[in-house]
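Computed from a predicted structure; not experimentally measured.
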Amino acid sequence: MRSAQPPAHQEIQEVEVAVVGCGPVGALTANLLGARGVSTLVVERSAVPHGQPRAFSCDDEALRIYQQAGLLDEVRDETIAPPLVEYVNRAGRAFARMKLSETDFGYGHAPLRFFDQPRLERTLRAGLDRFPHVRLAFGTELVGLTQDEDGVTVLLSDVVTGQRRAVRARYVLGCDGGRSATRAAVRIPLSGASYAEPWLAVSGDVPPDAVRVPDTTFVCDWRRPAFVSPGAAGSYRMEFMLRPGETEDEVQRPETVAALVSPYVDPDRFAVTRAVVYTFHHLVAQRWREGRVFLLGDAAHQMPPFMGQGLCSGLRDAANLSWKLSLVLSGAAGPAVLDTYETERRPHTVEMAQTSVRLGRVFLARNRLTAGMRDAALRAVQTVPRVRRFVERFEFKPVPAYRRGLMTGGRRDGVVGTMFPQPRVLIPGAPGERLLDEALGGGFAVLGRAGVDDPSGAWWQGLPVRFVAVHPSGTPLAGLPDPLAGPPESSADGRPDRVDVVDADGVLGGWLRRHGADLVVLRPDRFVFALATAGGIEQAARDLSAALGAPPGGGRNRADSPGLATAPAVPSSS
C-alpha cells in the first residue's frame with residue numbers, strides 16, 4: 001500500500017480520530033468517541049449498508065458497552081434473550097445444558113442475547129447523528145497512510161470515481177475486519193490457524209408456528225455437527241458442517257438447504273435471507289498498534305464461533321480504547337496510557353479464543369466412538385452438583401478481568417482489574433430503580449459510602465472523576481440532592497462533582513464490606529482501578545494521578561464534554 005500523498009492544492013481535512021470501517025465495531029467505536037466529544041471521521045468502503053446477518057450474538061458485557069454509548073434501549077429492544085442452550089447428540093438427547101434464564105453475572109443484563117446484524121448496524125449508524133463532530137463517509141476506502149510524531153495523514157479514495165483526498169488525524173483506528181486495509185498499510189502480520197472444515201451458514205425468517213426446535217441447540221452429531229437457534233425479530237439461524245466431498249455449490253442449492261433445515265423449521269415457510277459457506281479462523285495480529293494506528297475487532301483478532309464471542313471481543317476493544325483516547329486527546333492523560341490497550345485486551349482475547357477452541361472440540365467430535373465417550377463422560381460428571389452448576393450457569397466463560405494495565409499497582413490484585421457489578425440503584429428525581437452506570441457518568445467514578453469522603457476535598461482536584469455517594473437501602477430520596485434539578489455539585493477549581501444514590505438491594509454495600517473497602521475507584525469502562533479504606537483515600541487519588549500521567553492542570557479544555565466528570569447524571573433507561 002502506497003504512502004499518503006494528498007492531491008496538489010487540496011486542503012487537508014483535520015480530525016482527532018479517523019475510524020476505518022463502519023461495521024458494528026467501527027460504528028460503536030465512533031459512538032463512544034462521539035459521546036466523549038472527540039471529532040471523528042468514519043470511513044466505510046461499502047456505499048450501502050451490508051445487509052447480511054453475519055454476527056448473531058452478544059453478551060451482558062456487550063450490552064453494558066452499548067449502554068455506555070447511550071444506545072441501550074435501541075439495541076436491547078431489537079434482541080432476544082434465549083432461556084436455554086442445549087447440547088444434544090445425534091438422537092436429539094441432551095447431554096449438557098446452559099440455563100441462561102437462571103444465570104446472572106451481575107452486570108445488569110442477560111448473559112446472552114441474539115440480534116439481527118442489519119438492524120444493529122442501522123441502530124449504531126443512526127446513533128452517530130447525535131454528534132455534529134462525527135462524520136460518516138460511505139463509498140470511501142483507505143488507500144494509503146503516512147504517520148509522524150504528531151499524527152497520521154490518511155489517503156482516501158472514492159470507490160466509484162477514484163477521486164482521492166487526504167485527511168489528517170491524530171490517531172487512526174482500523175475497524176475494517178479480517179482483511180483489514182489498515183493492518184496491511186502498517187504491515188502487521190497475523191499468526192494462528194485457519195480451520196479446514198467449511199460450514200454452511202443459513203439465516204432466514206420463519207413464523208413461530210413453523211419452528212420445530214424452539215431452543216438454542218448445538219447438534220453434536222458426529223456425521224454433521226450443527227448449530228440452530230431462533231433469532232431476533234422472527235429470524236432463525238442454522239449452521240451445518242460440510243461433509244467430506246461436499247461442494248459449496250452443492251450445499252447452497254435450494255433443495256439441499258431445505259433438506260438440512262427441515263428438522264428444525266418448516267422449510268416451506270422458511271424464507272432464506274442468507275446461505276453462504278465459510279471457514280473460521282483462530283488468528284491474532286502480531287501487534288495491535290503501530291505508532292498512532294490501532295487495530296480493533298477482526299482486524300486484530302479472529303476466533304472460532306463456538307462461544308459467540310468474536311464480535312463481543314471487538315466491542316470490548318472499542319470500550320477499552322475509546323475513553324483512553326479521549327483523555328489523551330483532551331490532555332487529561334498522558335500518551336503512555338494508550339500502551340495499556342493491547343496490554344489489557346490481548347490476554348483476555350487469547351483466553352476467550354482458547355476457550356472457544358476447547359468448546360469446539362467438544363462440539364466437533366467426528367467419529368461415533370469419540371462422540372459416545374463424550375456424551376457418557378459429560379452426563380457422568382454432571383451428576384456432581386458443583387460440576388453441573390459450572391456447566392448450567394456458563395461458569396466456564398472467562399471473567400472480564402485484566403492481568404496487567406491501568407490499575408493501581410499495574411496488575412490485577414483480587415478484584416482490582418475486574419469488571420465492577422452493575423446493580424440497580426435509586427437516583428433522586430428519577431422514577432423507579434435505575435442501572436448503576438446511569439449515575440456514574442462517562443469518566444472515572446469514585447464510589448463510596450456516604451460520609452466516608454468529602455468530595456469538596458482537594459485529593460481528587462483536577463482528576464476526571466465523579467464522586468458517587470452510596471446511601472444504604474431504605475434511605476429516603478427526599479433528603480438527597482436531585483441531579484436533574486441542576487448541574488451536580490462541583491466547583492470551578494477542578495474538584496469532582498457528586499451524585500447521591502440509594503443502594504436499592506444492598507449490593508454495593510455488600511460488595512464494599514466483602515472486600516474490606518470504604519470506596520472503589522472505577523474506570524470509565526467500569527473496571528476496578530483501586531480499592532481504599534477511609535485512611536487510604538489520598539493514596540488512591542495519588543495512584544490515579546500517577547497512572548494517568550497527565551501534566552498538572554491537564555484536561556480542562558474538554559471538561560464540559562459528555563464523557564468527563566462534569567456530565568450530569570441524567571437517567572435515560574431502565
Side-chain angles (χ1 to χ4, degrees), residues 61 64-65 68 105-107 284-289 294-296 300-301 309 312-328 332-355 395-422 440 443-448 459-460 463-465 511-550:
E61 298 170 55
R64 195 172 188 181
I65 296 168
Q68 292 169 21
F105 292 122
Y107 304 128
V284 181
Q286 187 178 85
R287 58 191 183 279
W288 295 9
R289 177 184 185 182
F294 293 82
L295 303 179
L296 297 81
H301 46 77
Q309 288 292 312
C312 293
S313 294
L315 303 182
R316 293 186 189 99
D317 296 343
N320 184 288
L321 182 58
S322 57
W323 65 268
K324 295 174 181 177
L325 277 171
S326 172
L327 292 181
V328 170
V337 163
L338 300 178
D339 294 336
T340 65
Y341 164 60
E342 183 176 351
T343 298
E344 293 177 348
R345 288 292 307 129
R346 178 186 282 271
H348 183 268
T349 300
V350 169
E351 183 181 7
M352 192 69 74
Q354 290 172 342
T355 302
E395 294 179 9
F396 52 86
K397 178 187 176 185
V399 299
Y402 295 136
R403 300 172 188 171
R404 295 183 297 114
L406 203 157
M407 61 198 79
T408 185
R411 64 180 59 251
R412 181 179 176 183
D413 182 8
V415 292
V416 170
T418 68
M419 181 173 279
F420 192 70
Q422 185 180 201
L440 299 183
F444 283 81
V446 181
L447 185 150
W459 291 332
W460 307 99
L463 293 172
V465 303
W511 191 95
L512 290 170
R513 286 191 299 273
R514 190 161 57 252
H515 298 293
D518 292 310
L519 64 76
V520 56
V521 182
L522 303 179
R523 305 184 343 170
D525 55 4
R526 306 311 165 217
F527 282 77
V528 176
F529 174 84
L531 296 177
T533 60
I537 295 174
E538 182 177 3
Q539 185 59 51
R542 292 179 182 274
D543 288 346
L544 178 57
S545 180
L548 294 179

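In this pair, Trp288 and His301 present their aromatic rings tilted. The plane angle is within the 30 to 60° band.
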Show your reasoning for whether side chain to side chain contact (heavy atoms under 4.5 Å, CB included) applies to Leu544 and Trp460.
-> CA-CA 9 Å; Leu544 178 57; Trp460 307 99; 4.3 Å; yes
Check the pair Leu327 / Leu548 against side chain to side chain contact (heavy atoms under 4.5 Å, CB included), numbers first and verdict last.
-> CA-CA 9 Å; Leu327 292 181; Leu548 294 179; 4.3 Å; yes
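No side-chain heavy atom of Val399 sits under 4.5 Å from any side-chain heavy atom of Phe105. Put simply, the side chain of Thr343 does not reach to within 4.5 Å of the side chain of Tyr402, judged on heavy atoms. Leu463 has its side chain out of reach of Phe444: every pair of non-hydrogen atoms, C-beta onward, lies at least 4.5 Å apart. Looking at His348 and Ser313, their side chains never come closer than 4.5 Å, going by heavy atoms from C-beta outward. The side-chain heavy atoms of Leu512 and Asp518, taken from C-beta on, include no pair separated by under 4.5 Å.
With rounding to the nearest 0.5 angstrom, the CD atom of Glu61 is 6.5 Å from the OH atom of Tyr107. To the nearest 0.5 Å, the span separating CG on Leu440 from CZ on Arg523 amounts to 14.0 Å. In this structure, CG on Leu315 lies 12.5 Å from CG on Asn320, to the nearest 0.5 angstrom. Atom CH2 of Trp511 and atom CG of Leu447 lie 9.0 Å apart (nearest 0.5 Å). Taken to the nearest 0.5 Å, the CG atom of Leu338 stands 6.5 Å off from the CG atom of Leu321. Atom CD1 of Ile537 sits about 4.5 Å away from atom CG of Leu519, to the nearest 0.5 Å.
At distances below 3.5 Å, at least one donor-acceptor pair connects side-chain atoms of Thr355 with backbone N or O atoms of Glu351. Side-chain atoms of Arg513 do not come within 3.5 Å of backbone N or O of His515 as any donor-acceptor pair.
Taking every heavy atom of both residues into account, Ala319 and Gln68 meet most closely at CB-OE1, 4.4 Å. Residues Thr418 and Val415 come closest through the heavy atom pair OG1-O, 2.6 Å. Pairing each heavy atom of Ala285 with each of Leu295, the nearest pair is CB-CD1, 4.1 Å. Contact record, Gly334 with Val328: O-CG2, 3.4 Å, taken as the closest heavy-atom pair. Taking every heavy atom of both residues into account, Thr533 and Gly516 meet most closely at CG2-O, 3.5 Å. Across all non-hydrogen atoms, the minimal contact from Val521 to Ala540 is CG2-CB, 4.4 Å.
Residue Arg287 qualifies as enclosed at atom CZ: its count of foreign heavy atoms under 6.0 Å is above 12. Within 6.0 Å of the CG atom in Asp339, the count of heavy atoms belonging to other residues, nucleotides or ligands exceeds 12.
Applying salt bridge (charged side-chain N to carboxylate O under 4.0 Å, His left out) to Glu344 and the options Arg316, Lys324, Arg404 leaves one that passes, Lys324.
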